[in-house]
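So the structure is just underneath, and the comments pick up after that.
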Amino acid sequence: MSRSVAWHELSRLSADERKELLTRTEDDLTHFLENVAPIIEAVRVEGDEALARFARQFDKAPVEAGEIAATEADFDAAFKALDPEMVETLEFCADNIRRFHEAQRPEEMWMKEIRPGVLVGERATPIDSVALYSPRGKGTFPSMTLMTAIPAVVAGVPMPIVLTPPGPDGKVDAATLVAARIAGVKHVFKAGGGQAVAAAAFGTATVPRCAKFEGPGSPWIAAAKRLLQGQIASRLPAGPTESIVLADESADPEIAALDLLVEAEHGSDSSNFLVTWSREVAEKVRDALPKFWAHMGEERVRYSSDVLGGTSGGIVLADTPDQAFEFINDYAPEHLQILSKTPFEYLSKVRNASEILLGEHAPGSMANYALGPNAVLPTSGMARAHSPLGVHDFMKTSSVAHVTAQGYAEFAPHTLRFARYEGFDAHGNAVTPLRNNHVEKAK
């Protein structure tokens with residue numbers, strides 16, 4: 001079957017056509033917001049009974065209210081059922097993810113003397129409890145369990161839990177249970193979609209109430225997080241996956257074609273471009289794609305060809321490197337792979353990208369599973385202002401200050417002047433003779 005690949009030459013595009021290339025596929029949450037509200041209310045009122053009912057209704061899973069939590073026997077059975085080589089791979093990937101996030105962890109406290117007798121700083125502490133979501137839509141994603149759970153454990157969260165939809169057998173996916181245990185999480189619960197967010201936000205007899213909810217998910221998850229933002233914290237929802245593969249004239253076109261398909265196979269709502277200023281490379285990449293489609297299943301071929309054949313994907317040909325990087329920075333991709341014999345020479349040109357992979361030996365699939373940096377990334381241009389999920393998402397900081405009598409003497413007049421200007425009497429009184437006699441005694 002012949003499959004066309006969209007061809008976009010930047011210098012020939014109108015302003016509207018270029019804007020269309022920068023537009024992502026975004027879910028209209030109106031339907032989900034309306035329909036998730038009664039689900040949230042049911043979980044708030046009924047707790048585990050509602051979770052079990054929704055598992056039967058939405059996941060077609062035979063779950064009863066007393067079976068929401070995965071048991072020790074479930075964990076043991078998962079380790080026995082999973083291929084030992086897959087357990088080894090989970091441990092290998094977990095070790096890399098852990099090493100990265102341990103390096104990311106901030107020091108517990110720092111202080112600096114900014115004036116004689118005045119010390120200021122920050123103290124970092126973990127969030128008390130977090131819910132980590134591992135989706136189970138068209139498959140299972142133990143990789144997401146590792147990516148969310150490990151930074152939470154490294155951050156020192158006392159109560160990290162995993163929420164994931166049950167399968168048709170009423171059980172949690174074996175690899176997800178193994179991943180949770182390898183990551184250091186002891187508690188896994190059977191709950192998916194909006195009901196999972198509600199369970200973490202309100203707590204049930206089984207699921208503990210949590211301060212934060214993290215992890216990728218469906219529009220039901222996004223809608224529930226929006227409605228429950230006053231009850232539970234979370235990052236902005238991640239949208240459909242997106243990537244740009246940049247290839248200069250030294251890149252191998254077949255590797256570029258191979259890697260272009262990595263994120264494109266996620267679904268027809270993905271966004272995936274090859275960007276290059278070499279017409280020869282662009283043509284060779286286009287010609288190589290059918291060879292790799294022949295090695296993929298029908299569903300994945302359909303997804304990737306849908307993406308690469310429209311305005312959400314294909315080949316973007318620039319006139320110059322500067323024009324190519326202008327497009328990349330305007331797009332602010334979730335994933336950016338730079339294919340070149342000298343990839344580091346381009347790194348300084350990238351301002352906006354959630355993940356940057358350098359060279360022909362760093363395909364996106366390796367980053368999704370094994371390299372160590374977090375694969376839960378901001379999408380839809382959020383890379384302009386947001387960072388990947390990490391240890392910092394599971395910690396918060398407190399400002400710390402200590403002032404001696406010497407420091408007080410210098411700062412008090414400035415504080416009093418500011419307080420009087422803004423009209424705050426008590427602010428001013430706190431640094432006048434009403435306090436000074438006590439300060440003198442402390443010297």
Side-chain angles (χ1 to χ4, degrees), residues 16-17 19-47 50-51 53-61 131-139 141 144 148 163-165 191-202 204 207 210 212-243 263-264 266-272 302-303 306-307 310-313 330-334 354 376-386 389 393:
D16 286 343
E17 288 171 332
K19 183 178 180 180
E20 188 174 8
L21 290 189
L22 299 176
T23 302
R24 270 59 152 199
T25 303
E26 294 181 356
D27 293 309
D28 180 359
L29 292 180
T30 303
H31 164 78
F32 299 99
L33 289 167
E34 293 171 351
N35 287 280
V36 82
I39 293 173
I40 290 171
E41 181 62 12
V43 173
R44 187 187 71 81
V45 174
E46 302 174 52
L51 293 182
R53 184 171 71 254
F54 293 135
R56 297 191 295 269
Q57 179 181 345
F58 300 133
D59 304 311
K60 311 303 178 187
L132 312 163
Y133 191 68
S134 189
R136 190 173 183 172
K138 298 176 182 177
F141 299 92
M144 292 297 98
T148 55
L163 296 166
T164 187
Q195 58 268 31
V197 185
F202 298 118
T204 71
V207 181
C210 294
K212 199 170 190 185
F213 185 102
E214 292 294 356
S218 69
W220 293 99
I221 294 283
K225 287 198 293 186
R226 184 177 298 181
L227 291 179
L228 289 166
Q229 59 187 343
Q231 297 290 330
I232 190 166
S234 183
R235 286 167 61 90
L236 292 172
T241 189
E242 58 195 45
S243 72
E263 297 300 330
H266 274 281
S268 298
D269 56 357
S270 300
S271 301
N272 306 91
R302 184 176 75 253
Y303 289 156
D306 284 349
V307 172
T311 57
S312 294
D330 285 348
Y331 193 86
E334 177 188 17
S354 300
V376 180
L377 305 164
T379 60
S380 299
M382 293 296 179
R384 297 185 191 94
H386 290 273
L389 189 74
D393 289 293

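Every heavy atom of this structure was used, including side-chain atoms; hydrogens, water molecules and symmetry mates were not. Fair warning: this is a prediction, and the values are worked out from it, not measured in the lab.
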Considering all heavy atoms, the nearest [X]-[Y] contact:
X: D306; Y: S268; result: OD2-OG, 2.7 Å
X: A191; Y: A196; result: O-CB, 3.5 Å
X: E263; Y: S270; result: O-OG, 3.6 Å
X: G194; Y: A224; result: CA-CB, 3.7 Å
X: A42; Y: A50; result: O-CB, 3.6 Å
X: Y133; Y: P165; result: OH-CG, 3.4 Å

**Asked** Please walk me through it: do T241 and T379 pass side chain to side chain contact (heavy atoms under 4.5 Å, CB included)?
**Response** CA-CA 7 Å; T241 189; T379 60; over 6 Å; no
**Asked** Under 3.5 Å, is there a donor-acceptor pair between the side chain of S134 and the main chain of F141?
**Response** yes
Distance check, rounded to the nearest 0.5 Å: [X] atom [atom1] versus [Y] atom [atom2]?
X: I221; Y: F32; atom1: CD1; atom2: CZ; answer: 11.5 Å
X: K225; Y: S234; atom1: NZ; atom2: OG; answer: 3.0 Å
X: Y303; Y: H266; atom1: OH; atom2: NE2; answer: 11.5 Å
X: L22; Y: S380; atom1: CG; atom2: OG; answer: 12.0 Å
X: L389; Y: L377; atom1: CG; atom2: CG; answer: 8.5 Å
X: L132; Y: F213; atom1: CG; atom2: CZ; answer: 8.5 Å

**Item:** Evaluation steps, side chain to side chain contact (heavy atoms under 4.5 Å, CB included), between W220 and Q195
**Value:** CA-CA 9 Å; W220 293 99; Q195 58 268 31; over 6 Å; no
A side-chain contact here means heavy atoms from C-beta on lying under 4.5 Å apart; do [X] and [Y] qualify?
X: V207; Y: L163; value: yes
X: S354; Y: M382; value: no
X: L33; Y: R226; value: yes

**Prompt:** Is it true that the NZ or CZ of R24 lies under 6.0 Å from the centre of Y331's six-membered ring and within 45 degrees of the ring axis?
**Reply:** yes
**Message:** Using side chain to side chain contact (heavy atoms under 4.5 Å, CB included), reason through F202 and I40 one step at a time and then give a plain yes or no.
**Reply:** CA-CA 9 Å; F202 298 118; I40 290 171; 3.7 Å; yes
**Request:** Check the pair M144 / V376 against side chain to side chain contact (heavy atoms under 4.5 Å, CB included), numbers first and verdict last.
**Result:** CA-CA 8 Å; M144 292 297 98; V376 180; 3.8 Å; yes
**Message:** If the threshold is 4.0 Å, N to carboxylate O, is there a salt bridge linking E214 and K212?
**Reply:**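 Yes, this pair counts.
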**Asked** Between S243 and E334, is any side-chain donor less than 3.5 angstrom from a side-chain acceptor?
**Response**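 There is no such pair (donor and acceptor under 3.5 Å, judged by atom type) between the side chains of S243 and E334.
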